[in-house]
Amino acid sequence: MKTKKAVTLSFIVLISVLVLAACSGSSDSSSASGDGKTVKFMHLWPEGSSAQHYKIVNEIIADFEEENEDIKVDVEVLSNEQYKDKIKVLSTSDELPDVGMTWAAGYLEPYVDGKMFAPLDDTIESGLSDSFVAGTTEAFAIDGQTYGLPLELNISTIFYNKAIFNEYGLEEPQTMEELENVIQTLKDNGVEPIALGNKDAWTGSMWYMYLADRIGGADVLTKAIDRSGSFEDPALVAAAEELQGMVNSDSFVNGFNGLADEEAKSMFMSEQAAMYLIATWDLPNFTTNEDIPQEFRDSVGYFQFPTVDGNGDTNSYVGGPGVGLFVSENSDVKEEAKAFSSYFVEQWGERAVTDVGIIPATKVDAASLDLPQMYVDVLEDLNTATNITLYADVQMSAGTAQVHLDMIQALLGNDITPEEFAKQHEDALAAE
């Protein structure tokens, strides 16, 4: 039987490797010396919303093509949700790109079950075996084989506008009661408290996951998903009640359930909302992205998710490995695709740090780099983390993940009760 692995302390302890020596291994791309071969590559970092990512990807591709003159990389770029939708469509007609992006655990399973993704253990062993932070490749493994090369490592935190907080004498909240007071003060002064785009319901899921963690402990949600527990656990019902309470007290921007995450992000970055819960994949927008005004970047801070009624460990995070690269099992240029994916991972690590400002899944010599203070702070948080729970929809199978996202939408829309929310999840998980 397949097992889904939540990201826990067992690999968090080793994240300190991020500040150790960079891996210097290099892969052999000589196997990709095809005669005029084209590798089709699809990614989800558009220039408009992920400018730094987009730039570095193009630079890596240009370097790869220069070193491998017989290989051309044909690129297609889509936004996150468009990408997910198109990959589903392409998979039904066996037209996946030669190299694309995937998430770990439950998201990966149907593609592996359908023999659509190629095992990549040979690629790892031939040049990347010492490259990855401990535990990251395991999240992309099923039945002992690895089907994705991880690119990112993320934790989610609440980013906030320091200028707005200072204007109204607000401090970083440590407890949910303090957060509620911050929200009330902002509302009293006509400021939208929290940017949320729950049309992409994984954003609301992060709020729910944190409340579950703080109320029920670090493993309550994971146990419900892996069936060693129940989704009708009182703590999971209480988390739903708490989140619905935030909705009813107008904690989120107006119309949040119909807004996409990109729209919510825009509200935060245009200073129309004071807070925004998102993962560290957005660090570039607050640190290195020169397209964002320096004044705004200087005004962004972050804080850990608060405790709830005295419960919860603020060093316990929602997060885990982000996207990774897959190679299509049925690619006509599989060896070239593997060579490109290996080259991409090698080049991505340090560039992701210095030029993009995100935390890569590969080891880098962060101590030798000149990094923004926020990036250093996040690395320190990772080194002291007691737990990282993998995003719920990633832990789940595709079908159950859709139930989860639909129920998050319904819960925040006040269309179901917390008890109904929990039961719908339990029924879907039990059916598997």
Side-chain angles (χ1 to χ4, degrees), residues 4 6 81 84 103 105-107 109-110 156 176-177 179-180 183 193-261 264 277 305-309 311-312 316 318 389-432:
K4 304 186 183 85
E81 298 305 314
K84 288 179 179 178
W103 289 262
Y107 179 90
E109 284 192 358
S156 299
M176 183 56 67
E177 183 179 8
L179 178 59
E180 290 168 354
I183 290 168
I194 300 170
L196 175 64
N198 200 52
K199 181 179 179 181
D200 302 325
W202 53 266
T203 57
S205 175
M206 291 192 294
W207 283 92
Y208 175 74
M209 289 187 68
Y210 264 123
L211 289 168
D213 176 284
R214 299 302 189 255
I215 294 170
D219 60 357
V220 65
L221 184 59
T222 296
K223 284 184 174 180
I225 294 170
D226 70 19
R227 307 316 297 141
S228 62
S230 169
F231 219 100
E232 293 182 292
D233 186 294
L236 295 180
V237 176
E241 291 173 347
E242 187 76 30
L243 183 54
Q244 206 166 58
M246 292 185 70
V247 171
N248 294 335
S249 63
D250 297 324
S251 300
F252 304 113
V253 295
N254 187 44
F256 67 89
N257 230 16
L259 294 177
D261 175 59
L277 172 61
F305 200 94
T307 59
V308 179
D309 296 331
N311 298 316
S316 180
V318 169
T389 301
L390 188 61
Y391 299 107
D393 58 320
V394 175
Q395 288 192 58
M396 296 172 176
S397 68
T400 306
Q402 191 58 55
V403 171
H404 172 67
L405 297 174
D406 290 345
M407 290 303 101
I408 289 288
Q409 268 266 315
L411 180 74
L412 273 69
N414 271 318
D415 296 326
I416 56 171
T417 66
E419 291 77 14
E420 291 169 338
F421 173 85
K423 187 177 187 308
Q424 289 283 345
H425 279 84
E426 180 61 21
D427 289 347
L429 289 161
E432 292 185 338

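- Taking the side chain as every heavy atom from C-beta outward, Asp393 and Tyr107 never approach each other to under 4.5 Å.
- Residues Asp309 and Met176 form no side-chain contact, since every pair of their non-hydrogen atoms from C-beta on lies 4.5 Å or further apart.
- Classification of the Phe231-His425 ring pair by plane angle, with boundaries at 30° and 60°, yields parallel.
- Under a 3.5 Å cut-off, the side chain of Thr203 and the backbone N or O of Asp261 do not form any donor-acceptor pair.
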Listing, residues 239-246 side-chain donor-acceptor contacts under 3.5 Å, not counting sequence neighbours, or none:
from, atom 1, to, atom 2, distance (Å)
Gln244, NE2, Leu411, O, 3.0
Gln244, NE2, Asn414, OD1, 3.2
Gln244, NE2, Ile416, O, 3.0

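- Nearest heavy atoms, Thr222 versus Gln395: OG1-NE2, 3.6 Å.
- When all heavy atoms are compared, the tightest approach of Ala235 to Gly216 is CB-CA, 3.5 Å.
- At least one donor-acceptor pair under 3.5 Å links the side chain of Asp226 to the backbone N or O of Ser228.
- Inter-residue side-chain proximity for Leu412 and Asn257 is flagged as met; some heavy-atom pair is nearer than 4.5 Å.
- Between Phe256 and Phe252, the angle of the ring planes lies from 30° to 60°, which puts this pair in the tilted group.
- Remark: the backbone N or O of Ala422 is not paired with any side-chain donor or acceptor of Glu232 at under 3.5 angstrom.
- Within a 6.0 Å radius of NZ in Lys84, other residues, nucleotides and ligands contribute more than 12 heavy atoms.
- Side-chain contact check for Ser230 versus Lys223: every heavy-atom pair is 4.5 Å or farther apart.
- Interatomic distance, NE2 of His404 versus CD of Gln424, reported as 13.5 Å (0.5 Å rounding).
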**Study point:** Derivation and outcome, side chain to side chain contact (heavy atoms under 4.5 Å, CB included), residues Tyr391 and Met396
**Key:** CA-CA 9 Å; Tyr391 299 107; Met396 296 172 176; over 6 Å; no
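- A heavy-atom distance below 4.5 Å is not found between the side chains of Ile408 and Trp207.
- Scanning all heavy atoms of the two residues, the minimum distance from Asp213 to Ser316 falls at OD2-OG, 2.7 Å.
- For Ala398, the side chain to side chain contact (heavy atoms under 4.5 Å, CB included) partners are Pro110, not counting sequence neighbours.
- Side-chain contact check for Leu259 versus Leu196: every heavy-atom pair is 4.5 Å or farther apart.
- Counting heavy-atom neighbours within 6.0 Å of Glu419 CD, excluding the residue itself, gives a total above 12.
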Exercise for review: With side chain to side chain contact (heavy atoms under 4.5 Å, CB included) as the test, would you mind laying out the steps for Asp406 and Gln409 before giving the verdict?
Suggested key: CA-CA 5 Å; Asp406 290 345; Gln409 268 266 315; 5.6 Å; no
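- Nearest approach of Ile183 to Ser251, heavy atoms of both residues: CD1-OG, 3.6 Å.
- Between Ala224 and Leu236, the closest heavy-atom pair is CB-CD1, 3.7 Å.
- Under a 3.5 Å cut-off, the side chain of Asn198 and the backbone N or O of Gly258 do not form any donor-acceptor pair.
- One finds the CG atom of Asn311 at 12.0 Å from the CG atom of Leu211 (value rounded to the nearest 0.5 Å).
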**Study point:** Test log, rule side chain to side chain donor-acceptor pair (under 3.5 Å), inputs Glu180 and Ser249
**Key:** CA-CA 9 Å; Glu180 290 168 354; Ser249 63; over 6 Å; no
Practice item. Determine, step by step, whether Phe421 and Val237 satisfy the side chain to side chain contact (heavy atoms under 4.5 Å, CB included) criterion, reporting the C-alpha distance in whole Å, the side-chain angles of both residues, the deciding distance to 0.1 Å, and the verdict. Key: CA-CA 8 Å; Phe421 173 85; Val237 176; over 6 Å; no
Exercise for review: Output, in order, the C-alpha distance, side-chain angles, deciding distance and verdict of side chain to side chain contact (heavy atoms under 4.5 Å, CB included) for Tyr210 and Val308.
Suggested key: CA-CA 10 Å; Tyr210 264 123; Val308 179; over 6 Å; no
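- Counting non-hydrogen atoms of other residues, nucleotides and ligands closer than 6.0 Å to CG of Asn248 gives a total above 12.
- Between Met209 and Ala392, the shortest heavy-atom distance links the atoms SD-N, 3.2 Å.
- Side-chain polar atoms of Ser397 and Glu109 form no donor-acceptor pair below 3.5 angstrom.
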